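Single-structure report; data block below.
All figures in this text were calculated on a predicted structure; none of them were measured in a lab.
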Amino acid sequence: MIFGRRTPELPTPEEALKGRPEPQFDLPSHHTVLGNPLAGPYPRGLEVADFALGCFWGAERKFWQVPGVWTTLVGYQGGSTENPLYEEVCSGRTGHTEVVRVVFDPTSVSYTELLRVFWEAHDPTQGFRQGNDVGTQYRSAVYTHSPTQQAEAEASRDAYQKVLSAARYGAITTTVLPAETRPFWPAEPYHQQYLDRNVDGYCGIGGTGVACPIGIAKAEAPGEG
């Protein structure tokens with residue numbers, strides 16, 4: 001609940017907590033499963049994708065298990081507060097959602113395949129919640145790093161909406177927005193690869209059981225073709 005409202009609602013930039021100019025912690029140097037550095041700059045040829053699909057503990061595990069993914073890290077994105085802390089994000093007063101940053105080798109795994117993992121790993125029709133996890137920080141979102149990613153994400157959303165509707169699900173509430181003006185703020189060290197270090201830890205990730213038709217998710221970016 002935010003500011004006494006009965007349902008979750010995003011704060012305006014004016015309402016959001018102000019944050020701070022510097023991070024309050026240092027990230028671990030390497031991924032506990034994949035062994036590669038968490039923070040950039042990343043090796044030439046790798047690409048970055050950002051996905052929000054509920055509690056980032058289970059969401060991150062979904063992606064580090066994908067062959068071709070080089071590293072993953074969790075954080076906060078889509079809000080107004082600089083360098084937010086977990087408790088601030090959970091208060092609903094920063095506007096951020098919990099995000100997994102996926103660094104991948106496009107010669108081994110396509111962005112479209114990562115989109116399939118994203119759509120099938122959660123229910124994108126739930127608004128400000130995933131299952132029993134309720135709050136604006138659990139909303140579904142894709143933050144894109146190129147016009148091509150934007151076009152492919154929008155096309156996959158439209159394709160998945162068709163099969164979800166046929167399965168009697170409601171409208172997809174996922175936002176697809178450029179990452180350029182929506183900074184990614186890494187989460188605290190204890191959140192990184194949480195389910196590797198806490199094998200019996202909480203995982204609230206669960207999909208609809210409806211397959212995403214990735215074969216028709218390909219789209220041309222503006223100016224291509």
For Gln24, I'd like to know if atom CD has over 12 heavy atoms of other residues, nucleotides or ligands within 6.0 Å. yes
Do His96 and Thr81 have side-chain heavy atoms sitting under 4.5 Å apart? yes
Is a side-chain donor or acceptor of Asp105 paired with a backbone partner of Leu46 at a separation under 3.5 angstrom? no
Just so I know, are the side chains of Leu34 and Gln193 near enough to count as touching, which here means a heavy-atom distance under 4.5 Å? no
Compare every heavy atom of Pro106 with every heavy atom of Glu47, then report the nearest pair and how far apart it is. OE2-CG, 3.6 Å
On the 0 to 90° scale, with breaks at 30° and 60°, tag the Phe118-His122 ring pair as parallel, tilted or perpendicular. tilted
Any donor-acceptor pair under 3.5 Å linking the side-chain atoms of Thr208 with those of Asp123? no
Can you confirm whether Trp70 sits close enough to Tyr42 that some side-chain heavy atom of one is under 4.5 Å from a side-chain heavy atom of the other? yes
Cut-off 3.5 Å, side chains only: do Thr97 and Gln137 have a donor facing an acceptor? no
For Glu87 and Arg93: C-alpha separation, side-chain torsions, deciding distance, then whether salt bridge (Lys or Arg N to Asp or Glu O under 4.0 Å) applies. CA-CA 10 Å; Glu87 293 76 11; Arg93 298 181 62 199; over 6 Å; no
If only atom types and distance count, is the side chain of Glu152 paired as donor or acceptor with the main-chain N or O of Gln149 below 3.5 Å? no
Can a side-chain donor-acceptor contact be found between Gln161 and Ser165 if the only test is distance below 3.5 angstrom? yes
Checking Thr144 against Tyr111: is there a side-chain donor and acceptor pair closer than 3.5 Å? no
Tell me, please, whether Phe184 has Arg101 positioned over its six-membered ring: NZ or CZ under 6.0 Å from the ring centre and within 45 degrees of its axis? yes
Measure the acute angle between the ring planes of Tyr202 and Trp57, then classify it against the limits of 30° and 60° as parallel, tilted or perpendicular. perpendicular
Closest non-hydrogen atoms of Tyr76 and Glu188, given as atom of the first, atom of the second and distance, are OH-OE1, 2.7 Å
Measure the acute angle between the ring planes of Tyr86 and His191, then classify it against the limits of 30° and 60° as parallel, tilted or perpendicular. tilted
Spacing of Thr94 atom OG1 and Glu82 atom CD [to the nearest 0.5 Å]: 12.0 Å
With a 4.5 Å limit on heavy-atom distance, are the side chains of Val142 and Arg157 in contact? no
Any side-chain to backbone donor/acceptor pair from Thr173 onto Gly127? Under 3.5 Å, distance only. yes
Can you tell me if Asp50 and Gln77 form a side-chain donor-acceptor pair at under 3.5 Å? yes
Decide, yes or no, whether a salt bridge links Glu88 with Lys18 under the criterion of side-chain N to carboxylate O below 4.0 Å. no
